[in-house]
Amino acid sequence: MTLTLLTWNVNSVRLRVPLLAPLVDAARPDVIALQETKVADGGFPLATFAELGYGHAALNQGARGHGGVAILSRLPIAHVERPTWCDRADGRHVYATLPDGIEVHSLYVPSGGEESDPAANPRFAHKLRFLADVATWFAARKRPRNRFVLMGDLNVAPLESDVWSHRQLLKVVSHTPAEVKALASLQRAHDWIDAVRYFVPADEWLYSWWSYRAADWAASDKGRRLDHVWVTPPLRRRLRAAAVLKDVRGWEPASDHVPVTVTLDA
DNA sequence: ATGGTGGATGCTCCA
């Protein structure tokens, strides 16, 4: 028995409905975490997910037309929470507990705008504060036996091999030293294990996002690994597989992010 | 140095 978890920034869940059945066929996830659903809770395509076998849902809609996160599950979920961060109810976090006690999180970190100076760019300041506040919260909840999975668009590519050019992206929001440091603090806050890099060595390039602005995303291959699955130490020995579903970037109509999966021994 | 695309909304913001 295994438990497969999938995270995907869908960039509008309604537009991605035609891709859901083929994705489920390809990845067979038990739990799906979505970000950037861009839909009010009343408009969420719950029936589509139910038909595919995901009859359990936890939603946190975003501001009108933006943000929004969700968890869809084959298994019952309980204890659903929808934290707000930085005093903004903008639908960036939802979490719930599976029947075996694993707590799964779907998190959408602010992208941070263009300018990489927090004094000049309030969006970047918000991103850094968001990461720091989430880190403080997880540190306060830390218990040695916690079995947590944190999935989502963390909007930071931490390793040199997580971007197409470390040197050229040092001042580009998503790979600046300030963000990488903030993400590292979040990772330390609960001793999170990067479940994808657990299987893919740090000297191998790995991306989960390719800009819409490239004429040919596959040919230029200027990607970044912004989407992550982390687990707490009690789940380490249950890690069985991880995958970044790069092909999905070519499925039309495409999101600019691809799904990432991690499989645990159950 | 610049502009490039896409999504939701409604004549612009966000990523």
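Across B/dT12 and B/dA1, the matching P atoms stand 29 Å from one another, rounded to whole Å. Across B/dT9 and B/dG3, the matching P atoms stand 28 Å from one another, rounded to whole Å. Separating the P atom of B/dG10 from that of B/dC14 is a span of 14 Å, rounded to the nearest Å.
In this structure, CZ of A/R123 is placed 10 Å from P of B/dC13, rounded to the nearest angstrom. To the nearest angstrom, C1' of B/dA15 lies 15 Å from CZ of A/F124. A/Q35 has its CD atom 16 Å from the C1' atom of B/dG7, to the nearest Å. Residue A/Y212 contributes atom OH, which lies 5 Å from atom P of B/dG7 at whole-angstrom precision.
Nearest to the side chain of A/R213, among B/dC13, B/dG6, B/dG4, sits B/dG4. In the set B/dA15, B/dT9, B/dG7, B/dT9 carries the atom at the smallest distance from any side-chain atom of A/R14.
For A/D256 against A/W209, the heavy-atom pair with the smallest separation is OD2-NE1, 3.1 Å.
A single hydrophobic cluster is seen to contain both A/V156 and A/L150, as judged by linkage of ILVMFWY side chains at heavy-atom distances under 4.5 Å, directly or through other members. With hydrophobic clusters built from ILVMFWY side chains whose heavy atoms lie under 4.5 angstrom apart, A/L206 shares a cluster with A/M151.
In this model, the phosphate group of B/dC14 is not approached by any side-chain N or O of A/R64 to a distance below 4.0 Å at OP1 or OP2. OP1 or OP2 of B/dA8 has at least one side-chain nitrogen or oxygen of A/S12 nearer than 4.0 Å.
With hydrogens and angles left out, the side-chain atoms of A/E51 and A/T48 include no donor and acceptor closer than 3.5 Å.
Backbone-only contact: A/R92 has heavy atoms under 4.0 Å from sugar-phosphate atoms and none from a base.
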